[in-house]
Amino acid sequence: MKIGFIGLGNMGGPMAANLAKEGHEVLGFDMADVSIEGVTMAGSAAAAATGADVVITMLPNGQILRAVANDVLPAMQSGATLVDCSTVDVDSARAVAEQAAASDLLFVDAPVSGGIGGAAGGTLTFMAGGSSEAFAKAEPLFDIMGQKAVHCGEAGAGQAAKICNNMILGVTMIATCEAFALADKLGLDRQKMFDVVSTSSGYSWTMNAYCPAPGVGPQSPADNDYTPGFAAELMLKDLRLSQQAAVSADADTPMGELAQALYTQFVENEDGTGMDFSAMLPRFEKRTRG
Ligand code: NAD
């Protein structure tokens, strides 16, 4: 396939390289001066999109996606597919989907989970929204860049799945961390706490697979001085998107709102920037009720 790839950062770079490695012809564009193995660089986003069967975007946010879509959609050939893998707000995903449909183009929103390691290793999970026809066009590329792709529904459904999942993740991480800090103050050994909770009704992915306590449970960023992993500021981005969606859909999400407030405090006023999102545990450790 002829693929245009726009946004070749931490995630997009290795994803584009994996497509090129499989023999696809990849024409890339990034605002920054980057070079990616196997990818030919174009002079603009529109140039990367011209003549492509599929154009993939991997960009920082919805505003940038909308701006890039304005450049790229008019350059795409009729019947081609735009696949946005960025994590953006649901409204931007739906707006770009409508714009694509008006130009006789297919669109899939396909945010990912799996982080930089998953991008490099081709083991991402894609959560996709769009028509069955659009999903079928993108699926062979998902198979190269990832290990699983779930077609979640119409346009915007991929972003909806992503932010709902990450809202649960943020809330659960905070609950796990505050419980560890309470257990400490009650004199409970952390290993015993893990042994009980990981096999009781308080178990979760954050406790069992990504335990925020160093030296307890499987290897996690806590065992590496809370080096990300999944950075606290990226968790904050996703919590903000979930609250933006909750306002837009008039959904009552008090725990998500509180998680957003705590991660905002952690990232903006404390030492959370550059730390893994599980560094909420040392934060709670240091605090009292006052
Ligand atoms: P990044 O900042 O490393 O990459 C974004 C790239 O887009 C940069 O290279 C930037 O120069 C480029 N860019 C910005 N504006 C542009 C424009 N107008 N035209 C062309 N290029 C432009 O970010 P990343 O970590 O690769 O993340 C990309 C997306 O993936 C984000 O939406 C993020 O939320 C999501 N995501 C990231 C991770 C992760 O662990 N990093 C995990 C899951 C999802």
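In listed order, ligands and their atoms are each counted from 1.
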- Task: Give a yes-or-no answer on whether the side chains of Thr206 and Thr176 include a donor-acceptor pair shorter than 3.5 Å.
- Result: yes
- Item | Protein residue, atom and distance nearest to atom 21 (N) of ligand 1, heavy-atom basis | Met31 N, 3.3 Å
- Any side-chain heavy atom of Thr81 sitting closer than 4.5 Å to one from Leu105? no
- Message: Taking distance alone, with N or O pairs closer than 3.5 Å, would you say Asn10 contacts ligand 1?
- Response: yes
- Note on the structure: Closest to atom 22 (C) of ligand 1 (heavy atoms only, candidates Ile6, Asp238, Leu59, Leu65) is Leu59
- Note on the structure: Between Val83 and Ala138 the two heavy atoms that sit nearest each other are CG2-CB, 3.8 Å
- Message: So if I count the atoms of ligand 1 from 1 in the order they appear, which ones are less than 4.0 Å from some heavy atom of Leu234?
- Response: 39 (C), 40 (O), 41 (N)
- Query: Do Asp195 and Gln191 get their side chains close enough for a donor-acceptor pair, meaning under 3.5 Å?
  - Reply: yes
- Going by the 4.0 angstrom heavy-atom rule, the piece of Val68 near ligand 1 is side chain
- Task: Test His24 against every option in Asp53, Leu141, Val39 by the side-chain contact (heavy atoms from CB on, under 4.5 Å) rule and name the one that passes.
- Result: Leu141
- Task: Please report the shortest heavy-atom distance between Lys162 and Asp238, naming the atom on each side.
- Result: CE-OD2, 3.8 Å
- Message: With side-chain hydrogen bond (donor to acceptor under 3.5 Å, both in side chains) as the criterion, how do Asn70 and Gln99 come out once you've worked through the C-alpha distance, each side chain's angles and the decisive distance to 0.1 Å?
- Response: CA-CA 9 Å; Asn70 280 336; Gln99 207 180 337; 2.7 Å; yes
- Item | Exercise: identify the closest heavy-atom pair between Gly272 and Ala232 | O-CB, 3.7 Å
- Note on the structure: Among non-hydrogen protein atoms, atom 4 (O) of ligand 1 lies closest to Gly9 CA, 3.4 Å
- Query: Would you find a donor on one side and an acceptor on the other, under 3.5 Å apart, between the side chain of Tyr210 and the backbone of Ala222?
  - Reply: no
- Tell me, which protein residue and heavy-atom name are nearest atom 10 (C) of ligand 1, and how many Å apart are they? Asp30 OD1, 3.5 Å
- What do we get for Pro60 next to ligand 1 when only non-hydrogen atoms under 4.0 Å count, side chain, backbone, both or neither? both
- Message: Check this for me - ligand 1, Met11, N or O atoms closer than 3.5 angstrom, yes or no?
- Response: yes
- Enumerated ligand 1 atoms positioned under 4.0 Å from heavy atoms of Phe29: 19 (N), 20 (C)
- Query: Which ligand 1 atoms does Ser86 reach within 4.0 Å, using its non-hydrogen atoms?
  - Reply: 32 (O)
- When you measure from atom 36 (N) of ligand 1 to each heavy atom in Thr57, Thr87, Val88, Val34, which option holds the nearest one? Thr87
- Query: Any idea which atoms of ligand 1 are less than 4.0 Å away from a heavy-atom of Gly7?
  - Reply: 7 (O)
- Note on the structure: Min over Gln63, Lys237, Glu233 of heavy-atom distance to atom 33 (C) of ligand 1 lands on Lys237
- Heavy atom of the protein closest to atom 15 (N) of ligand 1 (residue, atom name, distance): Ile64 CG2, 3.5 Å
- Message: Among all the protein's non-hydrogen atoms, which is closest to atom 40 (O) of ligand 1, and how far away is it?
- Response: Gly115 CA, 3.5 Å
- Query: Between the side chains of Gln243 and Thr253, does any donor sit under 3.5 Å from an acceptor?
  - Reply: yes
- May I ask you to check whether Val112 has an N/O atom sitting below 3.5 Å from an N/O atom of ligand 1? no
- Item | Exercise check, heavy-atom protein proximity under 4.0 Å to atom 30 (O) of ligand 1 | yes
- Item | Heavy-atom pair with the smallest gap, counting every atom of Asn224 and Thr227 | O-OG1, 2.9 Å
